[in-house]
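Below is one structure; the comments refer to it alone.
Ligands are counted one by one from 1 in listed order, and the atoms in each one are counted from 1 as well. Scope of the values below: all heavy atoms of this structure, side chains included, with no hydrogens, waters or symmetry mates.
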Amino acid sequence: MPRVLSGIQPTADSFHLGNYLGAVRQWVALQETYDAFYCVVDLHAITVPQDPRLLTERTRIAAAQLLAAGLDPDKCTLFVQSHVPEHTELAWVLGCMTGFGEASRMTQFKDKSGKVGTETSVGLFTYPVLQAADILLYLADQVPVGEDQRQHLELSRTLAQRFNHRFGETFVVPQPYILKEVAKIYDLQDPSAKMSKSSSSPQGIIDVLDTPDVIRRKISRAVTDTGSEVRADEAEKPGVTNLLRIYSALSGDPVEAIEARYAGAGYGAFKKDLAEQLVATFAPIRERTNAILADPPALDRILARGAGRAGKVAAETMTAVRNRIGLLPATPSLSRTAVADPP
Ligand code: AQP
């Protein structure tokens with residue numbers, strides 16, 4: 001089976017509608033036909049300051065939400081990035097092959113460092129290299145992500161090709177798996193910005209764990225444009241166009257059919273029905289998430305099993321990488337634990 005890999009950061013108490021439509025929904029579908037590896041990327045989260053207690057909690061919440069959204073641990077490998085130390089080891093190797101100028105061109109670093117200001121870390125700068133390691137370690141063929149990750153994925157492809165060229169065929173050159181219609185879901189209050197865990201205002205973002213009433217309120221207050229016509233028009237009606245795309249993605253109906261359905265009806269009826277679509281999609285995920293979170297040991301067992309499976313693949317790839325680049329192999333019988341220092 002071809003392989004996919006993708007990850008999500010535990011940077012909030014819930015993932016949002018953009019994460020769900022742009023990425024997670026594809027993850028669920030792809031587990032049926034791919035050897036699928038999905039991880040909660042906690043090491044990416046710490047590229048900006050995190051409260052340690054919250055980070056632990058949110059890592060479990062993210063994993064529970066992914067299971068609640070439809071990931072099946074018998075069909076895919078779900079794990080926590082930091083449980084497989086080869087991610088950071090490969091990131092170092094790849095970092096030594098990444099040009100400073102090349103890394104400086106990453107637009108997400110420019111955006112996020114602008115927001116973090118003086119607390120901008122070297123980790124935030126090298127984040128795309130760790131992401132390349134996440135992907136290349138599993139020899140992934142496809143990477144299902146939103147549009148915001150396209151540039152990072154291009155770097156992963158460049159690094160795979162560079163490594164293969166210098167040291168011999170080792171990595172698969174991964175392809176982005178980006179669905180155009182849902183590649184970028186916009187903020188409900190600012191339809192020029194992407195919906196984002198860390199930068200959207202609470203009113204601009206629909207969380208998968210929002211209660212039905214909160215979802216209804218946020219949709220009713222979503223920015224619409226002048227006029228009252230429910231019509232997709234990127235330039236003149238960015239707010240309504242965003243809502244139409246969301247409606248279409250949730251219902252499976254083409255945008256044109258939705259436009260026709262609400263012709264002359266105004267924004268009110270359209271928004272009301274959209275809110276109900278969201279409630280119908282997210283309420284069961286919310287309930288299942290809470291049920292999964294009620295049994296942390298069971299969740300931890302799923303993650304441990306995932307880390308075991310992921311670790312096997314990662315260890316094989318890392319052994320090949322170490323050999324290729326000429327690191328002296330450690331002698332197994334002289335491992336750190338087998339050979340004690342004289343007293
Ligand atoms: N607005 C979006 N529309 C479509 N896809 C999106 N994704 C994120 N936002 C949108 C996709 O969701 C996956 C997981 O994202 P992430 O957790 O790695 O973080 P991110 O891309 O940086 O998303 P956020 O919400 O903006 O998180 P923070 O604020 O923590 O940086 C990815 O595949 C992403 O493309």
Side-chain angles (χ1 to χ4, degrees), residues 4-30 36-51 54-55 58-59 61-63 65-66 69 71 78 80-81 87 106-116 120-121 123-124 127-128 130-132 134-135 140 142-154 156 174-202 204-209 222 238 241-243 245-246 248-250:
V4 284
L5 175 127
S6 201
I8 190 158
Q9 297 186 73
T11 37
D13 292 333
S14 169
F15 59 72
H16 57 72
L17 176 61
N19 301 135
Y20 178 74
L21 290 180
V24 174
R25 208 166 65 151
Q26 279 69 265
W27 299 10
V28 176
L30 291 170
F37 287 78
Y38 301 125
C39 50
V40 180
V41 287
D42 51 352
L43 297 174
H44 284 283
I46 61 167
T47 54
V48 296
Q50 302 291 338
D51 175 302
L54 269 182
L55 180 63
R58 288 171 167 178
T59 301
I61 296 176
Q65 273 188 284
L66 292 173
L71 291 191
L78 174 65
V80 175
Q81 182 190 32
H87 287 246
M106 297 294 127
T107 53
Q108 198 179 66
F109 172 73
K110 290 181 195 163
D111 289 352
K112 284 201 175 174
S113 58
K115 286 174 198 149
V116 181
T120 299
S121 66
L124 188 61
Y127 173 120
L130 178 59
Q131 188 173 332
D134 301 336
I135 298 165
Q142 302 271 342
V143 186
V145 284
E147 182 61 37
D148 59 329
Q149 296 300 328
R150 189 185 287 281
Q151 193 190 29
H152 291 168
L153 204 70
E154 201 43 56
S156 302
Q175 298 283 345
Y177 183 97
I178 300 175
L179 296 189
K180 199 167 124 268
E181 303 72 24
V182 286
K184 193 168 182 181
I185 301 297
Y186 292 88
D187 185 300
L188 299 182
Q189 292 299 316
D190 175 7
S192 66
K194 85 160 185 158
M195 190 178 282
S196 159
K197 291 191 225 83
S198 50
S199 36
S200 290
S201 69
I205 194 169
I206 300 269
D207 280 335
V208 175
L209 299 185
T241 305
N242 188 36
L243 297 182
R245 284 220 188 93
I246 296 168
S248 170
L250 293 172

**Request:** Dump the intermediate steps for side chain to side chain contact (heavy atoms under 4.5 Å, CB included) on Leu243 and Leu188, then the final yes or no.
**Result:** CA-CA 8 Å; Leu243 297 182; Leu188 299 182; 3.9 Å; yes
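- With a heavy-atom cut-off of 4.0 Å, Glu147 does not touch ligand 1 at all.
- Interface atoms of ligand 1 facing Lys112, defined by a heavy-atom separation under 4.0 Å, are 22 (O), 28 (P), 31 (O).
- Residue contacts with ligand 1 for Asn19 involve both N, CA, C or O and side-chain atoms from C-beta outward (heavy atoms, distance under 4.0 Å).
- Among the candidates His44, Gln108, Gln149, the single residue satisfying the side-chain hydrogen bond (donor to acceptor under 3.5 Å, both in side chains) test with Gln131 is Gln149.
- By the criterion of a heavy-atom distance under 4.0 Å, the backbone of Lys184, and not its side chain, is placed next to ligand 1.
- With a 4.0 Å cut-off on non-hydrogen atoms, Val24 does not touch ligand 1 at all.
- Below 30°, between 30° and 60°, or above 60°: for Tyr127 and His152 the angle between ring planes is between 30° and 60°, a tilted geometry.
- Shown are Asp134, Ile8, Thr59; of these, the side-chain contact (heavy atoms from CB on, under 4.5 Å) with Val41 is made only by Asp134.
- For the residue pair Ser248 and Glu181, no side-chain donor N or O sits within less than 3.5 Å of a side-chain acceptor on the partner.
- Residue contacts with ligand 1 for His16 involve side-chain atoms from C-beta outward but no N, CA, C or O (heavy atoms, distance under 4.0 Å).
- With a heavy-atom cut-off of 4.0 Å, Ser196 touches ligand 1 through backbone and side chain alike.
- Residue contacts with ligand 1, taken as heavy atom pairs separated by less than 4.0 Å, involve Asp148 solely via side-chain atoms from C-beta onward.
- Using a 4.0 Å cut-off between charged nitrogen and carboxylate oxygen, Lys194 and Asp187 do not count as a salt-bridge pair.
- For ligand 1, the atoms closer than 4.0 angstrom to any heavy atom of Thr11 are 30 (O).
- In Ala45, neither the side chain nor the backbone holds a heavy atom less than 4.0 Å from any atom of ligand 1.
- Residue Gly22 has at least one heavy-atom neighbour below 4.0 Å for each of these atoms of ligand 1: 4 (C), 5 (N).
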